[in-house]
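Data block below; observations after.
FYI, the numbering just counts along the sequence from 1.
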Amino acid sequence: MISRIDLRGAASSEAGVDRDLLPRAELDVEAALEKVRPICEDVHHRGTAALIDYAERFDGVKIDRVRVPAEAITKALEELDPAVRAALEESIRRARIVHREQRRTDKTVQVVPGGTVTERWVPVQRVGLYVPGGRSVYPSSVIMNVVPAQEAGVGSMAVSSPPQADFGGLPHPTILAACALLGIGEVYAAGGAQAVAMFAYGTEECRPVNMVTGPGNIWVAAAKRLLKGRIGIDAEAGPTEIAILADATADPVHVAADLISQAEHDPLAASVLVTDSEELANAVEKELGTQVAMTRHVEDRIVPALSGRQSGIVLVDSVDHGLAVVDAYGAEHLEIQTADAAAVAARVQNAGAIFVGPYAPVSLGDYAAGSNHVLPTGGCACHSSGLSVQSFLRGIHVVDYTREALAEVAGHVVTLAEAEDLPAHGAAVKARFAEGELGRHSDWKVPQSK
């Protein structure tokens, strides 16, 4: 069901582990770019009409409008199962505890007397928040998108999720209910690359946004890469992945269960075990056979995901070797199930989120740890972070110098301007002072006004 890659005894170069040796999906974001380009261009030119056509083509549902009526959002909350509402409210409460502490404060630094630089943190003005909704329903992703945006102070938020044939072309009612709980009234029934294009270009119903965040399938990730620059993005959060670094102390029942939990998301989901224990690898393989037979979504998701080239058991020489492997892999979710797991976790350099020990499974982070589950995939964790309050903030430097403070450093500014052959830069400083006022620069020629 799951393949093995034996890296024991493999020499590592100075650059580390060869990433090409590690499990990865055959269809990557780069390959998907050309497939989503015409879809995004179509939405750009035809707007709502294109979105309606794609809803029928990709989601199998005929709709006559894309924006969800306010009464549908209200009704979804009114009809929500009380137990599900309580769980969502607790997830929201925990997420707020964590994300509220991430808010940055403005900082003013006095560089010299009379000269300060202040870094102001300003929220993005309008964001589009994507919530997947194809094979599964993800109200938790509403929370993970909306809470950090709200805590950052974003003033305008819109949520989009695919239309569902079973619900009259609306997004799943639990997603709508989560929006209602969070006070989000602007919701669209659009999914995939076309939803990202709607946010980027705007339509008759939806104003364009400054930034798009949220997880999705490979087509969503490809659209985000394609349109980055026109919009800001969080990261390329495509098909989900888990890597588990484990040694002989790990419980194979836990490890197998966690691999399966990610595989049930999508046939392209990646489940990777990295271990220095062949005995554990054998036990996990046996457990996979037992546990898969006892669950749902077996043939359409779990088996294709576990047997795909993106998943595998990687055998390594030691935990240290395993650390090098998981750092090269850069997993969205990384579990550490080793002896002294906290110390091992502290040495990890590349991961979207790290889950320490046997009682911090990825499932906890998906719903109720307080952490965010919108995380970089496909190795992007080596340069990108998970979604947070900081994702929605922009740092703006405010420079405030008095005449005296500028005079004190003017000579250096002019010297550097001349060194870069940009004399007008220096002249912009000279224009503010009378000739002879700046000591050794008394020969400066001050521009004369006419």
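- One N or O on the side chain of R94 and one on the backbone of A368 form a donor-acceptor pair closer than 3.5 Å.
- In this structure, the side chain of N282 engages the main chain of E278 through a donor-acceptor pair within 3.5 Å.
- D247 places no side-chain N or O within donor-acceptor distance of the main-chain N or O of V319, the cut-off being under 3.5 Å.
- At a cut-off of 3.5 Å, with distance as the only test, no side-chain donor of D276 or H321 sits close to an acceptor on the other residue.
- Taking SG of C40 as the reference point, atom CG of L227 lies at 4.5 Å (rounded to 0.5 Å).
- One finds the CD atom of E236 at 9.5 Å from the CD1 atom of I218 (value rounded to the nearest 0.5 Å).
- Salt bridge R4/E285: present, at least one basic N to carboxylate O contact under 4.0 Å.
- The NZ atom of K62 sits 10.5 Å away from the CG atom of D53 when rounded to the nearest 0.5 Å.
- When the ring-ring contact (aromatic ring centres under 6.0 Å, His included) test is applied to H172, the partners found at least two apart in sequence or on another chain are F167.
- Between the side chain of S161 and the backbone N or O of V131, at least one donor-acceptor pair lies under 3.5 Å.
- Counting only heavy atoms from C-beta outward, the side chains of C380 and H383 approach each other to under 4.5 Å.
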task = May I have the step-by-step check of side chain to side chain contact (heavy atoms under 4.5 Å, CB included) for L387 and M144, ending in yes or no?
result = CA-CA 8 Å; L387 197 64; M144 300 299 171; 5.5 Å; no
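- In this structure, the side chains of V272 and R24 stay at 4.5 Å or more apart for every pair of heavy atoms.
- Within the structure, the side chain to side chain donor-acceptor pair (under 3.5 Å) test picks out the following pairs touching residues 341-364 (sequence neighbours left out): D320-R347.
- For S388 against P148, the heavy-atom pair with the smallest separation is C-CB, 3.7 Å.
- At most 12 non-hydrogen atoms from other residues, nucleotides or ligands lie less than 6.0 angstrom from CD of Q125.
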request  = For T240 and D266, run side chain to side chain contact (heavy atoms under 4.5 Å, CB included): C-alpha distance rounded to whole Å, both residues' side-chain angles, the deciding distance at 0.1 Å, then the answer.
outcome  = CA-CA 8 Å; T240 193; D266 188 285; 5.7 Å; no
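- Counting only distance, with no hydrogens or angles, the side chain of Q310 and the backbone of A269 share a donor-acceptor pair below 3.5 Å.
- The pair R85-E89 meets the salt-bridge criterion, since a charged nitrogen lies less than 4.0 angstrom from a carboxylate oxygen.
- With 3.5 Å as the limit, one finds no donor-acceptor pair spanning the side chains of T377 and E241.
- Two residues are said to be in side-chain contact when any heavy atoms from C-beta on lie closer than 4.5 Å; P69 and L170 meet this criterion.
- Separating the CD1 atom in I184 from the CG atom in L176 is a distance of 12.5 Å, to the nearest 0.5 Å.
- Of the charged side-chain nitrogens involved, none lies within less than 4.0 Å of a carboxylate oxygen, so that E78 and K75 do not count as a salt-bridged pair.
- Between W219 atom CH2 and I39 atom CD1 the span is 8.0 Å, to the nearest 0.5 Å.
- Considering only heavy atoms from C-beta on, V127 stays 4.5 Å or farther from V209 through its side chain.
- In this structure a side-chain-to-backbone donor-acceptor pair under 3.5 Å is missing from E34 to A31.
- A distance-only check finds no donor-acceptor pair linking the side chain of T203 to the backbone of G47 [under 3.5 Å].
- By the side-chain hydrogen bond (donor to acceptor under 3.5 Å, both in side chains) test, R120 is found to be paired with no residue, residues two or more places apart in sequence or in another chain being considered.
- With hydrogens and angles disregarded, no donor-acceptor distance shorter than 3.5 Å links the side chain of R104 to the backbone of V122.
- For V298 against P304, the heavy-atom pair with the smallest separation is O-CD, 3.7 Å.
- The two atoms that bring S160 and M198 nearest to each other are OG-CE, 3.7 Å, heavy atoms only.
- Side-chain atoms of T74 come within 3.5 Å of backbone N or O of A70 as a donor-acceptor pair.
- Shown here are the ring-ring contact (aromatic ring centres under 6.0 Å, His included) partners of H297, two or more places apart in sequence or in another chain: there are none.
- Between E151 and R100 there is a salt bridge, since at least one side-chain N of the basic residue sits less than 4.0 Å from a carboxylate O of the acidic one.
- Counting only residues at least two apart or on different chains, no salt bridge (Lys or Arg N to Asp or Glu O under 4.0 Å) pair has a member in residues 200-210.
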task = List the steps, then state whether side chain to side chain contact (heavy atoms under 4.5 Å, CB included) holds for L182 with M157.
result = CA-CA 11 Å; L182 289 158; M157 284 169 267; over 6 Å; no
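- Using a 4.5 Å heavy-atom threshold, the side chains of L22 and I5 count as separate.
- Qualifying ring-ring contact (aromatic ring centres under 6.0 Å, His included) partners for Y367, counting only residues two or more places apart in sequence or in other chains: none.
- Counting all heavy atoms, side chain and backbone alike, A263 lies closest to S271 at N-OG, 3.7 Å.
- Contact check for V314 versus P23: side-chain heavy atoms found under the 4.5 Å cut-off.
- Using modelled atom types, no side-chain atom of R67 and backbone atom of C206 make a donor-acceptor pair closer than 3.5 Å.
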key: Stepwise side chain to side chain contact (heavy atoms under 4.5 Å, CB included) test for Q194 and R57   = CA-CA 12 Å; Q194 59 270 28; R57 175 179 168 185; over 6 Å; no
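- Residues S141 and H373 have side chains in contact (heavy-atom distance under 4.5 Å, counting atoms from C-beta outward).
- In the model, D234 has no side-chain atom that pairs as donor or acceptor with a side-chain atom of S391 under 3.5 Å.
- Other residues, nucleotides and ligands contribute only 12 or fewer heavy atoms inside 6.0 Å of the CZ atom of R19.
- H333 and F355 have tilted rings, their planes meeting at an angle from 30° to 60° on a 0 to 90° scale.
- Summarising the geometry, atom CE belonging to M211 is positioned 9.0 Å from atom CD1 belonging to I231; distances are rounded to the nearest 0.5 Å.
- The two residues P132 and P215 come nearest to each other via the heavy atoms CG-O, 3.4 Å.
- Minimum heavy-atom separation, V255 to I244: O-CD1, 3.8 Å.
- Between R225 and E30 a salt bridge is recorded (basic side-chain N to carboxylate O distance below 4.0 Å).
- Contact annotation: the side chain of I52 never approaches that of D64 to less than 4.5 Å [non-hydrogen atoms, C-beta and beyond].
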